[in-house]
Each structure stands twice: as structure tokens, then as C-alpha cells.
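The structure appears below as C-alpha cells.
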Protein chains: 2
Amino acid sequence: MAHDDVHPVSLACGDCPIRHRAVCARCESDELDELESIKYYRSFEAGQTVIWAGDKMDFVASVVTGIATLTQTLEDGRTQMVGLLLPSDFVGRPGRATAAYNVTATTDILMCCFRRKPFEEMMERTPHIAQRLLQMTLDELDAAREWMLLLGRKTAREKIASLLSIVARRDASIKLRNATGRTTFDLPLTREAMADYLGLTLETVSRQISALKRDGVIELEGKRHVTVPDMDRLLIEAGDDSDGGFLV
Amino acid sequence: MAHDDVHPVSLACGDCPIRHRAVCARCESDELDELESIKYYRSFEAGQTVIWAGDKMDFVASVVTGIATLTQTLEDGRTQMVGLLLPSDFVGRPGRATAAYNVTATTDILMCCFRRKPFEEMMERTPHIAQRLLQMTLDELDAAREWMLLLGRKTAREKIASLLSIVARRDASIKLRNATGRTTFDLPLTREAMADYLGLTLETVSRQISALKRDGVIELEGKRHVTVPDMDRLLIEAGDDSDGGFLV
DNA sequence: AACAGAATTTGACTCAAATCAAGTGGCACA
DNA sequence: TGTGCCACTTGATTTGAGTCAAATTCTGTT
């Protein structure tokens, strides 16, 4: 069992590309075996719905690769994204039988699922799983609250700049950063998904991206590939001097 | 040790008016003794700041009586409320030394505090505390996400109706409901605090409350005492057919 | 290379909420 | 009984983002 390549935040384990630190850190083989026995993989194509709000959900899961979103809707169709699930993020709630949100794959994704009941039983017996989940949930709560500030008080331009800096920041942690200080990445979301995330319309998203481009804050190749010549400038546009470390 | 009057959601314990179910449910006296030894009370007057974002915070706490708020601000002063703390709600984060938000008393409050370091150590040894905190944090996350939908997609009128129905609902659980189906309660927030919660200006809050009054959705005595003749009507105005059970 | 369909951009116009600016009303305190 | 303050209301006006309606660009397919 390779313990070197433990992923910092996942609950996945065993031969997952991503490992379960909570288990590995104090590894006991029977725990690993048990997690193995209740684990299975599911993959979804871009655009597919993983689960609808209100549906029965008899598993909890960890995103292995790809990007998924959590959304809520009002009856008249207005929709708001309430979470962006990146590799290693956790979905589902121990102790709850039905999904609270729509979960949709925005890229092709692979999820590592654990059958809920046995997972819950295991959590009862294995304290550090609950402790690890608590840390992860508190982080998500912080991210949600940061997002509330964005939704309630930022202008459209600030919202776009915030989203770009979040994507840039998390991409930068994976890709190499150019020596010139320029940052470059691909947007993993359509304009509509961005709008749903930011509480805007897709037209406004498009206009503000155009405006940021016109003003030299970003450069675009095609519709999705973005390069940021000066990250500090973008962070100023985002409106918060904070390190922008939320939501990742 | 009276176990009958256990409060459903608190971590407070011992001779607190509110008891700690996570402990009491599987009560062991040494745990109770230990919680007692790291516990102390603090009270604040309406309007006082409990702690500023960024300040050192060497305790976690549970609200015993009164109402407090969590807020975030942008440099230019725009502020967004990100949490409303009602009796039994938990503040602070195990493992974090500084406050992430401003905590302000909006009414006189009494808080039951636990010194953070010993609390964390106790949490390590007492699994059901972490499990209980996990449940509470997941509930808060759900409430935050419900609020994101409100901030991102609801109209001013819907926002006001949503806030009123939340306050009504949680007040109704304490006070008796009038046999005629009329619900009555006091607003625990100023117009400005409501605005900060809803991502509006205080003028818009005032106008929308006037409009709801004009349309007979609510009645007002003075500025703060509200009666709702028909709760279903208010829920329809709030825009979601859901039971509105969030945030309480 | 041409086409179909989707994603995106852009334009003209509207409208909900913000802003700016007086008000009013209630309450504490002299 | 006044007076000053604060919370709140209301009005006039502006404005940022939404809506509706074409274009345009991109993608994959035949």
C-alpha cells in the first residue's frame, strides 16, 4: 500500500488514484479492507446528471477526476449553483437518504462511491473519519460563506474576476506557472454555468468577460483559454484583498 | 444530572440552560466534568462586537440566549451577513486560531465558551463530539447553500418574504400559534441588518416591507412586530415550495 | 469543404434596485 | 415639555444588469 502519494483531502482509498489520508495517516489494514469492500466506481459523461435533488441516494462519494456541480432550482427554473466539485471533493451526507441538490457532471468525471449504510457504520467505529469529514465540511462552509459575500455584494465585473482568480489559482497549483508571471488556464465551465454560479445571466457574463479582455486584464484564445498577464491586477478587480484562497 | 431537558442541538452542558446532547446521550460523568472545567460564560450587550475577523480566538462557544450575527466585509465597507446565530448555535472552529468573521450581538446575548485547546484535545478523545459537530456543520452548510439561492436568484420581495418566513417559523416553534392560523412575532433585526443579510439596501428592505403590508401579506404593529394572517401566502411569496426549514 | 447545431457575442431597450435626498416617528434624557 | 438622536419611510432619479433579438464563431459531422 503506497502511502507516499496520499492526497491531502480525499476520503478515497486503496487503489484509487487518490488516497484517503484520514485512514492512511493512522493506517490499520482492516479499515482499508473495509473501505475497499464498500467501494465502487461510477463514471459520467460531460453534461450527464449524476443525481437529482430529492432522489434516493444510497452512497457517498469522492470525485476522482473531472468537475461536477451542485445546483438548486426554483420552480420557475431559476437556478443557482451552490457548489463546484473538484477532484478529491466529497459529495453526499452521512445520515441522509435523499440528495439535497442536483449533481451534474460538467466534464467527464470518475467518482469513487461508498455504500452509505456501511460507510456510516464504519464512521461510527472509526473516529478519525468523522474528524476528517468535519474538517472538510468546515472548509466547504467557509467557501460557501465567501460565496455569499460575492453573491450579495459584488458587482458583475467583480464576480467574474473572482471566479477567474479562483480557477486560475487552483489550476496554477497543478500546472507550471510561466516565468514571466503570466498565468494561463482553461475555463472548465460554459458561460451559462458561470452565470448560474455567479447569480448572473449568461449575456452579462459574456459582456463582462469581453470588458475585462478589452481592458487588458485578461487575454483570450478561443472562448475557453484564458491568460492573465498580471494576477495582482485580477485580484484587485475581484474586489477582495484577501488571498482568494476560498473554494479550493 | 437532568437528562430530560436535553436541547436537541447544543454543545453546551452541565448547568447551562441548554444541554449537550452529544455528551448526554451517551453520558459519562468524566466527560461532563471535563467539559465543565473548560467552560465559562460571557455576555454582551446589543450592538457589541464579540470578535473581529482576523482576531485571535482561543475559544469555541455556543449561544445560550439572544441573537448574534456573522458578517464579512469588503474594504470599501460593503458588508454581507453570512450567518445568524440563534440560541444553541455553535461559533468558532476547532483547529483554527483566528476568527474568520465578525461576530456581533444584535440583542443582549449570553454565550457559553469552551477554551479551544482543551476542547480540541477532548474532541480527539471523544468521538461523538466530532460526530455531533459534523451534523451541526452539515446543517449549517445546507442553510448557507439555501441562502446562496436566495442571494443569487431571488427578487427583493421574495428575499424579504423568505426572511420573514424563517423568523416566523423559528419563533412559532417556541411561541404558541394562534388558533386562527395567524402567526405573530418580533423582528430581531434592524432594517440595516436585514439588508446586510439579504444583499439589499435598507431602503429597499423598507419599501418591500411596506409593499407586503399594503398587499395584506403581513400586518405591522410599530416597526418590529409582525403578524402573518396566512402563512401559506407568505411562503408562496418567498418563492420556494420547499418547507422553508432551512437556517433553523 | 460545407453544413447543422450549439455556444458565444453584441445590440437595443427595459426595469428592478441603488442612490441621493428629504422627510416622519418614537424614545431617551435633560 | 422640549430636543436630539436614531430607526425607519418615502420620493425622485440614476444605473447596472436583465430581457429580447439578432449576429457570429466554434465544433463536430458528413
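Computed from a prediction, not measured in an experiment: that's the story for all the values here. Letters A, B, ... mirror the listed sequences (proteins, then strands); counts begin at 1.
- Not one side-chain nitrogen or oxygen of A/R191 sits closer than 4.0 Å to the OP1 or OP2 atom of C/dA6.
- Although no hydrogens or angles enter the test, the distance criterion places no donor-acceptor pair under 3.5 Å between the side chain of B/R153 and the main chain of A/R78.
- When the C1' atom of C/dT8 is taken as reference, atom CG of A/L187 falls 13 Å away, rounded to whole Å.
- Along DNA chain D, read 5' to 3', the first and last nucleotides having any atom under 4.0 Å from a heavy atom of chain A are D/dA17 to D/dC26.
- A distance-only check finds a donor-acceptor pair linking the side chain of B/S162 to the backbone of B/E158 [under 3.5 Å].
- With B/R145 as the fixed residue, the side chain to side chain donor-acceptor pair (under 3.5 Å) test singles out one of A/E140, A/Q72, A/Q80: A/E140.
- Look at A/R93 and B/D139 and you find a salt bridge, because one of the NZ, NE, NH1 or NH2 atoms lies within 4.0 Å of a carboxylate O, short of that distance.
- Using a 4.5 Å cut-off on side-chain heavy atoms (C-beta onward), A/S88 and A/F90 make no contact.
- Screening residues 226-235 of chain B for side-chain hydrogen bond (donor to acceptor under 3.5 Å, both in side chains) gives B/R182-B/T227, B/R233-B/E237 as the qualifying pairs, with residues at least two apart or on separate chains.
- Heavy atoms of A/R224 sit under 4.0 angstrom from primed sugar atoms or phosphate atoms, though from no base atom.
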Spell out protein contact along nucleotides 10-21 of chain C as letters: B when the base is contacted, S when just the sugar-phosphate is, - when no protein heavy atom is under 4.0 Å; keep the 5' to 3' order. BBB----SSBB-
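- Axis angle between the ends of the helix from C/dA1-D/dT30 to C/dA30-D/dT1, five pairs each and rounded to 10 degrees, works out to 30°.
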Show the atom names and distances, to 0.1 Å, of all donor-acceptor pairs under 3.5 Å that link a side chain in residues 96-106 of chain B to residues at least two apart or in another chain.
unit_1, atom_1, unit_2, atom_2, d
B/R96, NH1, A/D142, OD2, 2.9
B/R96, NH2, A/D142, OD1, 3.4
B/R96, NH2, A/D142, OD2, 3.1
B/Y101, OH, A/D142, OD1, 2.7
B/N102, OD1, B/A53, N, 2.9
B/T106, OG1, B/I67, O, 3.1

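- Remark: the backbone N or O of A/A46 is paired with a side-chain donor or acceptor of A/D108 at under 3.5 angstrom.
- In terms of the side chain to side chain contact (heavy atoms under 4.5 Å, CB included) criterion, residue partners of B/A211 (sequence neighbours excluded) are, by chain and number, B/R157, B/Q208, B/R214.
- Remark: the backbone N or O of B/L164 is not paired with any side-chain donor or acceptor of B/R169 at under 3.5 angstrom.
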